[in-house]
Amino acid sequence: MQLRHLRYFVKIVEAGSFSRAATTIFVAQPALSQQIAELEEELGVSLLHRSARGVRPTAAGDALYREAVAILRQIEKLPEIVRFTGGEVAGSVSLGMSSTLASFLAGDFMKACKTALPMVNLSVVTEDSLSLKARIAARTLDLAILFEEAPTPGLIRQPLFRQRLYLVERKRSGRGGPKSISLAQAGARPLVLPSQPNAMRSLLDSHFAAAGIRPEVVAEANMLHGILSAVQSGVGATVIPMGDFTVATGSGSLAATPIEPAIHQTAQVVSSDGASLTRAGEAVRDLLGAFVRRFLDEKAPPGMAHIEA
């Protein structure tokens, strides 16, 4: 088996057809077909379902794709691992986080990383928790900040902070709103919630179920901007781990009320236990921990707190 077999196979799966892959990597389509035939013969399995609409991986092909992506990514990192064994930390690091966290954390951390680690190229990826977990497992992402309802096998984790859940709705005219709201009162409002699978939604659903509450969910969205847009349009209220909207568009129209008794999520930075981080990855992870501690001390965002020892 040659590395080019893996590279060609990955490109074909991602392109969804031999012809599109051939155009992307400038290799003749018959030559690509021959390479995949050799790979299937070597492994003794069929890797692709072929049809008039293109190709998609078989179960074996899907498994090979995940491993091939991880192998190729590790090979791409070999030069920086070898070159920067001493001296200044350098290299490329990818960090994933939810859209909620990215809205108030990403910019400040990217600035801090640029200052503290000028030779590190940090790439911030914004996706839902399930996608981030999958990318960590596939080793296509170095680090991710996750809210986990239960520990996921195969991840190395480091707790960062706790975040309280808030009911967020349009501001009412006249007097200010209540200082807190019960879970039952929150569940009685028309709600716009994150769609499943989602760690915060699972946590919230479990609390509703334990309290015997059937919430009125009128709409779902998987990204923060979609949820807040619906709230600002008057579709309903929402429950999210965010009590400060100074960085959000239209923040003046929103009000956040803490749910009482408090419901918390724990944010953790995770990496795969199947692949060692580069020096740059370790440096970004360590810097993230120090950054969050300083961020909490200096800005004290509503509901965001240190992990209690």
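This chain uses plain numbering: 1 for the first residue, then up along the sequence. All values derive from a computational prediction rather than experimental measurement.
Side-chain N or O atoms of Ser233 include none that pairs as donor or acceptor with a backbone N or O of Val235 at under 3.5 Å. Counting only distance, with no hydrogens or angles, the side chain of Ser94 and the backbone of Asp142 share a donor-acceptor pair below 3.5 Å. No side-chain donor-acceptor contact under 3.5 Å links Thr238 to the backbone of Val168. When atom types are taken as modelled, the side chain of Tyr8 and the backbone of Val27 share no donor-acceptor pair closer than 3.5 angstrom. A side-chain donor-acceptor contact under 3.5 Å links Arg135 to the backbone of Thr140.
To the nearest 0.5 angstrom, Ser33 atom OG is 7.0 Å from Ile12 atom CD1. To the nearest 0.5 angstrom, Met97 atom CE is 7.0 Å from Leu288 atom CG. Atom CD of Gln185 and atom OG1 of Thr257 lie 10.0 Å apart (nearest 0.5 Å). Expressed to the nearest 0.5 Å, how far CD of Gln158 lies from CD1 of Ile307 amounts to 10.5 Å. One finds the CD1 atom of Ile227 at 7.5 Å from the OG atom of Ser195 (value rounded to the nearest 0.5 Å). Put simply, OG on Ser129 and CD1 on Ile145 are 10.5 Å apart, with the number rounded to the nearest 0.5 Å.
Considering all non-hydrogen atoms of both residues, Leu155 and Arg157 come closest at O-NH1, 3.3 Å. Scanning both residues, Phe208 and Gly187, for their nearest heavy atoms gives CE2-CA, 3.8 Å. Nearest heavy atoms, Ser103 versus Met242: OG-CE, 3.4 Å. The two residues Glu40 and Leu48 have their closest heavy-atom pair at OE2-N, 3.6 Å. Closest non-hydrogen pair, Ser182 versus Ile259, comes out as C-CG2, 4.4 Å. Across all non-hydrogen atoms, the minimal contact from Leu224 to Thr100 is CD2-CA, 3.6 Å.
Among Leu117, Leu122, Thr115, Val292, the one residue that satisfies the side-chain contact (heavy atoms from CB on, under 4.5 Å) test with Leu287 is Leu117. Of the residues Val10, Leu6, Val13, the one that meets the side-chain contact (heavy atoms from CB on, under 4.5 Å) test with Val69 is Val10.
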field: Candidate pair Asp62 and Arg66, rule salt bridge (Lys or Arg N to Asp or Glu O under 4.0 Å), full reasoning
entry: CA-CA 6 Å; Asp62 193 50; Arg66 292 195 302 271; 2.8 Å; yes
message: What verdict does the side-chain contact (heavy atoms from CB on, under 4.5 Å) test give for Leu64 and Val45, after you've listed the backbone C-alpha separation in whole Å, the side-chain angles of each residue and the deciding distance to 0.1 Å?
response: CA-CA 11 Å; Leu64 177 63; Val45 294; over 6 Å; no
- request: Please assess Arg50 against Val55 for the test side-chain contact (heavy atoms from CB on, under 4.5 Å), listing each intermediate value before the final yes or no.
  value: CA-CA 5 Å; Arg50 297 162 174 83; Val55 298; 3.9 Å; yes
- prompt: So Gln35 and Phe9, side-chain contact (heavy atoms from CB on, under 4.5 Å) or not? Walk me through it.
  reply: CA-CA 8 Å; Gln35 294 291 323; Phe9 176 72; over 6 Å; no
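A single hydrophobic cluster is seen to contain both Val89 and Leu95, as judged by linkage of ILVMFWY side chains at heavy-atom distances under 4.5 Å, directly or through other members. When the side chains of ILVMFWY residues are joined at heavy-atom separations under 4.5 Å, either directly or via intervening members, Leu204 and Leu167 end up in a single hydrophobic cluster. There is no path of hydrophobic side-chain contacts, each under 4.5 Å, that joins Phe147 to Leu130. Both Leu160 and Leu105 belong to a common hydrophobic cluster when Ile, Leu, Val, Met, Phe, Trp and Tyr are linked at side-chain heavy-atom distances under 4.5 angstrom. Taken together through direct or relayed side-chain contacts under 4.5 Å among Ile, Leu, Val, Met, Phe, Trp and Tyr, Leu277 and Val269 form part of one hydrophobic cluster.
Ion pairing between a basic and an acidic side chain is recognised when a charged N comes within 4.0 Å of a carboxylate O; Asp205 and Arg201 show such pairing. Contact check on Arg164 versus Glu260 returns a salt bridge, with a Lys/Arg side-chain nitrogen under 4.0 Å from an Asp/Glu carboxylate oxygen.
Contact check for Gln163 versus Leu101: no side-chain heavy atoms found under the 4.5 Å cut-off. Annotation: side chain of Ile263 is in contact with side chain of Leu183 (closest heavy-atom distance under 4.5 Å). No side-chain heavy atom of Lys171 sits under 4.5 Å from any side-chain heavy atom of Ser253. Between Met304 and Phe295, some side-chain heavy-atom pair lies under the 4.5 Å cut-off. Counting only heavy atoms from C-beta outward, the side chains of Cys113 and Phe291 never approach each other to under 4.5 Å. A 4.5 Å side-chain heavy-atom check between His306 and Asp297 finds at least one atom pair inside the cut-off. Counting heavy atoms from C-beta on, the side chains of Pro258 and Leu165 never come closer than 4.5 Å.
Atom CZ of Arg56 is surrounded by 12 or fewer heavy atoms from other residues, nucleotides or ligands within 6.0 Å.
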